[in-house]
Student: 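Have a look at this one before I ask anything.
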Amino acid sequence: MFPDLRRDVFVPVAAGLVLFGLFVGAGLFYQGALGGQERLVTFAIIDAILVLGLQVYVGNTGILSFGHIGFGAVAGYAFALMAIDPVEKAKRISDAPFGLTDVHLGPWAGLAVAVAVVLVVGAVVGIGLARSGAESGAVSATVITLALLFVTHEVARNWPDLTGGDRAGLSFKIGGALDSRTPLYLGLLGAILVALLYARSRGGRMAQAAREDDLAARAMGVNPLVQQMVALLISVSVVSVGASLRVYEKGSILPSDFFFNLTLVTLVMLIVGGRRSVTGALLGVAVITAGRELARRMGQDGFELFGLGLDDAPLDWIFRENLKTVFLGVAMLGFMVWRPDGLLDDWDLDRWLHARLRRWRERGAEAPEVPEVVPDLVEGGPGDEAVLVADGVTVSFGGFRALDGAGLEVGRHEVLGVIGPNGAGKTTLLNVVTGLVGSDSGRVALGGADLSGAPSHRIARSGLVRTFQNLRLFGSLTVRENVEVSALVASSTRRHRPPPDVDGLLVAAGLWDVRFRRARELDYGTSRRLELARAAAMSPSFLLLDEPTSGMSDAESEAMVDQVRRMAGLVGAGVVVIDHDLNFITGICDRVTCLDAGQVIATGTPDEVQAHPAVRAAYLGTSGGG
Amino acid sequence: MVELLQNLIDGLGRGSIYALLALGVAVVFGVMHLLNFAHGELITVSGYAAYWALNDGWSWYLTVPLIVVVAVLTSLVIERVAFSRVRGADQFTLLLTSFGVHFVVFAIFLLYVSASVKTFPRPGWVTNTYAVGSLRIEVFDTVVIVVTLLTLAGTTWVLQRTTFGLSLRAAAADFDTARLMGIRSDSVIRGAFALSGLLAGIASVFWLMRAGSTVPSAGIDPMLKGVLAALIGGLGSLRGAVLGGFALGMAEVLLRSRLPDSVASLTEGVVFLLIALLFIFRPQGLVAVDHAERV
């Protein structure tokens with residue numbers, strides 16, 4: 001579950017405890033030393049649980065959800081129906097369906113039921129989201145979550161037998177509302193730890209990779225839909241705990257309690273703090289709670305709030321009753337316009353602590369020893385003598401036939417070049433082989449396994465891993481995390497191969513010194529090397545490289561020859577490479593296939609193909625066959 | 001049969017307003033890929049303008065152009081103040097920016113006017129009806145349908161026959177390419193917001209005539225209708241948005257008149273649910289959001 005125990009479990013737990021202490025400490029200081037309202041702190045804790053739940057989904061998948069408070073409504077009603085005393089329930093809903101009037105489970109079992117119900121609803125919604133093609137920033141996914149919010153709200157309003165309806169609602173008498181904060185503290189601590197640990201877990205890392213680039217994640221063997229589902233279920237569980245506690249603390253539930261307002265407040269808290277950061281979520285709750293309270297009191301009292309006798313009559317137009325609503329709207333708009341990543345972006349306490357810890361341990365020591373690279377060109381595991389074959393592949397885009405019976409064949413320990421003029425269908429062939437484009441007919445097979453029409457993440461797991469012509473790195477992850485994601489996938493899906501050595505690959509690719517930099521900060525050549533290292537970390541049977549030297553100088557592309565050979569050798573993979581640079585192709589390839597107008601026109605050694613009349617004709621545009 | 005015909009006419013009247021709103025949403029989506037949750041604020045703002053004017057003794061004849069002008073100006077101001085700053089941002093930022101605009105406008109009226117409902121006189125003829133055979137047709141619906149058809153015809157003319165319309169359609173089809181072809185993104189986007197504001201202004205006139213009141217949260221309902229109708233029609237498509245508007249109006253009238261009361265009040269939820277199901281079962285079919293990427 002966790003790639004590195006110290007980094008992914010111990011430090012996050014310690015950081016979580018610190019965050020919990022800081023958050024609760026600030027609250028207690030406010031209500032104790034500053035004489036603030038207890039109620040404000042209590043609700044800030046509950047908001048924090050809700051926002052952390054929201055962060056698990058929104059932060060890690062990048063999908064904007066308006067629906068989490070809808071899940072909260074489901075949880076809130078489930079909890080209320082289970083936990084309220086039957087005598088009290090009978091006063092409001094004497095004739096509840098399913099005999100729910102007589103059910104009395106108490107708060108703890110009620111909480112468990114609430115979570116269970118929400119998990120079921122979450123699974124159904126999650127399947128819907130997956131089918132709609134949810135990915136980071138998808139409008140359709142956001143609309144579906146918005147639909148959930150509205151549907152739960154309308155059902156709650158219009159089903160008075162179950163919910164007590166629009167005005168009456170359900171209220172509590174189980175010895176009054178919550179009598180101590182212990183359950184809230186437990187809930188908060190739990191939510192912080194769940195959010196931190198999920199973000200550092202295998203699944204969390206894969207979800208983040210898909211958030212950064214859905215297509216590239218698939219090409220590295222990640223199935224984003226599965227990871228989004230996991231994130232959703234964890235996230236709605238946390239939300240339902242928060243919602244149940246909110247109902248318990250308030251002592252009542254109305255449809256409007258879990259609707260637009262709460263959705264807005266929790267979203268603002270999340271984005272102000274920084275949606276990709278757990279620390280940010282907590283900071284956002286604190287900042288917005290404090291800001292709203294300040295706005296409310298300044299709206300009432302103006303500067304007198306600070307004991308200042310200033311004449312605030314000229315500011316009458318600001319110090320008004322509903323100032324806190326304005327504050328919320330302006331905070332949302334302002335952050336979206338000027339700082340869409342929030343106060344902290346993806347800075348998180350545990351990552352900072354771990355970086356400090358690492359530097360402290362490495363202090364005074366020699367530069368880290370460069371891990372030794374042991375090329376493993378010959379030996380592979382079972383099934384590794386596989387040959388990659390694509391055969392009779394035909395693809396049409398509308399009326400345009402991009403591929404017309406093209407194919408390729410490449411054996412292990414072989415480097416095959418694919419050349420051809422622009423528009424010959426090289427990239428399309430690679431897209432078909434890696435499952436990004438469906439073919440009208442034709443077959444792709446690796447060893448004995450038929451991969452035609454398989455989804456791209458399964459093809460990647462079978463051993464065909466690609467790079468992209470237009471760089472597709474996981475931009476806001478570090479260089480090392482980029483490589484680590486595919487190593488994670490490989491460690492569970494490519495067990496028959498020797499596990500990839502992340503640090504070894506980083507050294508071999510010349511990325512060791514920049515391994516903690518963000519991928520999007522790298523220069524062009526380094527980014528290319530990172531794409532290669534990331535693909536190699538999948539322990540592929542074949543590396544498929546789409547124009548690895550595009551945009552490089554001659555010297556750089558010459559260096560790329562060694563680079564590709566070394567990386568392929570390191571993981572024992574065959575190579576298929578598309579390129580325009582003929583020096584590069586002749587330098588690296590054992591064999592070359594030339595495509596023109598969607599068909600293979602020549603295959604052979606680089607020299608043979610270059611001398612082939614049809615190839616010369618295709619490149620020079622003269623009629624061939626001479 | 002007569003009842004169905006009656007429903008049809010009612011639905012057309014209602015759907016006309018939705019079609020205007022949806023078209024405004026679709027035009028903006030086309031040039032910015034922004035699903036504008038703040039579209040209803042054009043009605044909120046022009047609603048307060050109407051409240052002020054009518055209670056100041058203006059006649060409706062003067063108020064109608066005022067409403068339209070205010071809606072267009074508001075649309076341009078919102079574009080300038082907020083949306084121009086997030087052009088090209090990811091969906092996450094775009095969606096929340098429009099949400100933020102919605103809440104800021106809401107809060108401003110809450111702060112400076114009041115949370116309570118402000119009423120103004122409706123024109124006398126709004127409730128008049130006339131009979132055709134056994135049908136009772138509202139004068140209001142007739143006016144709405146006629147004006148909407150004229151507006152749509154005018155909009156079609158602008159889109160088909162003018163350089164601006166061509167730029168707008170080109171930008172909606174493929175924004176980056178359109179820009180490479182020399183279309184000035186600034187003026188196209190501003191033009192789209194102005195057109196969107198104009199359409200919303202006309203819708204607003206009818207909306208306010210029927211409502212006769214406004215509140216700070218008045219924009220939510222028309223916003224939802226416009227957004228939902230645009231979603232039904234498929235977000236990229238302008239024609240789809242208009243059809244979506246009429247379909248939504250029809251569906252509402254039919255649901256309200258045919259279903260038992262307890263279910264009829266669920267209309268919004270039902271429509272939302274249907275759209276969610278549409279996204280789920282026909283993710284690529286009816287929704288023309290362009291996801292094609294070069295790899």
Side-chain angles (χ1 to χ4, degrees), chain A residues 58 62-64 66 127-129 131-133 136-144 146-155 157-158 215 260 264 267-268 271 275 299 317-318 320-323 325-338 340 427 431 436-437 468-470 472 546, chain B residues 29 33 35 37 81-83 85-86 89-108 110-112 114-115 216-217 220 224 227-228 231 235 262-263 265-284 287 289 291 293-295:
Chain A
V58 175
I63 299 169
L64 172 59
F66 287 118
I127 291 170
L129 285 171
R131 277 207 53 121
S132 79
S136 185
V139 182
S140 54
T142 301
V143 170
I144 291 174
L146 192 62
L148 176 78
L149 181 67
F150 271 82
V151 170
T152 50
H153 180 66
E154 299 228 335
V155 169
R157 280 179 54 192
N158 290 290
L215 204 69
F260 248 50
L264 171 74
L267 271 175
V268 174
I271 59 168
R275 61 184 189 266
W317 60 280
I318 285 184
R320 285 172 180 234
E321 196 191 328
N322 288 302
L323 192 60
T325 316
V326 179
F327 169 76
L328 218 52
V330 170
M332 173 176 261
L333 190 56
F335 268 85
M336 277 299 113
V337 170
W338 284 293
T427 295
N431 286 346
L436 294 180
V437 167
F468 293 88
Q469 188 177 336
N470 48 352
R472 286 181 166 270
D546 193 355
Chain B
F29 188 88
H33 276 199
L35 185 56
F37 284 117
V81 172
F83 295 137
R85 296 167 199 273
V86 292
D90 52 18
Q91 271 305 328
F92 199 103
T93 308
L94 289 173
L95 282 170
L96 284 181
T97 303
S98 72
F99 228 64
V101 170
H102 160 75
F103 275 102
V104 167
V105 174
F106 166 75
I108 286 173
L110 200 61
L111 198 64
Y112 294 117
S114 97
S217 59
I220 293 180
L224 280 176
V227 167
L228 286 176
L231 288 169
L235 262 176
S262 60
V263 189
S265 57
L266 284 167
T267 318
E268 220 137 77
V270 172
V271 173
F272 247 124
L273 195 64
L274 288 177
I275 288 170
L277 293 176
L278 191 83
F279 273 119
I280 290 166
F281 291 105
R282 290 289 304 277
Q284 66 287 54
V287 180
V289 184
H291 272 307
E293 272 183 286
R294 187 170 158 77
V295 290

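Reminder, nothing fancy here: chain letters follow the sequence lines and each chain counts from 1.
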Student: Among the options A:Ile127, A:Val330, A:Leu264, A:Leu267, pick out the one with the most heavy-atom pairs lying under 4.5 Å from chain B.
Tutor: A:Leu264
Student: If you take all heavy atoms of B:Ile275 and A:Val143, which pair is closest and at what distance?
Tutor: CG2-CG1, 4.1 Å
Student: Could you check whether any side-chain heavy atom of B:Thr97 comes within less than 4.5 Å of a side-chain heavy atom of B:Phe83, counting everything from C-beta outward?
Tutor: yes
Student: Of all of A:Val58, A:Thr325, A:Leu64, which one pairs up most often with chain B through heavy atoms under 4.5 Å apart?
Tutor: A:Leu64
Student: Which region of A:Phe66, side chain (C-beta onward) or backbone (N, CA, C, O), has a non-hydrogen atom less than 4.5 Å from a non-hydrogen atom of chain B, or is it both or neither?
Tutor: side chain
Student: With side-chain hydrogen bond (donor to acceptor under 3.5 Å, both in side chains) as the test, would you mind laying out the steps for B:Gln91 and A:Thr142 before giving the verdict?
Tutor: CA-CA 10 Å; B:Gln91 271 305 328; A:Thr142 301; over 6 Å; no
Student: Does any backbone or side-chain atom of B:Leu224 lie under 4.5 Å from a heavy atom of chain A? Answer side chain, backbone, both or neither.
Tutor: side chain
Student: Most heavy-atom pairs under 4.5 angstrom with chain A, which of B:Val86, B:Val104, B:Leu96?
Tutor: B:Leu96
Student: Does B:Phe37 offer a backbone N or O that forms a donor-acceptor pair with the side chain of B:Ser98 under 3.5 Å?
Tutor: yes
Student: Pick one of side chain, backbone, both or neither for A:Leu149, based on which atoms fall under 4.5 Å of a heavy atom in chain B.
Tutor: neither
Student: Name the orientation class of the two ring planes belonging to A:Phe260 and B:Phe103 (parallel below 30°, tilted from 30 to 60°, perpendicular beyond 60°).
Tutor: tilted
Student: What residue, out of B:Leu277, B:Leu95, B:Leu94, B:Leu228, has the most heavy-atom pairs lying under 4.5 Å from chain A?
Tutor: B:Leu95
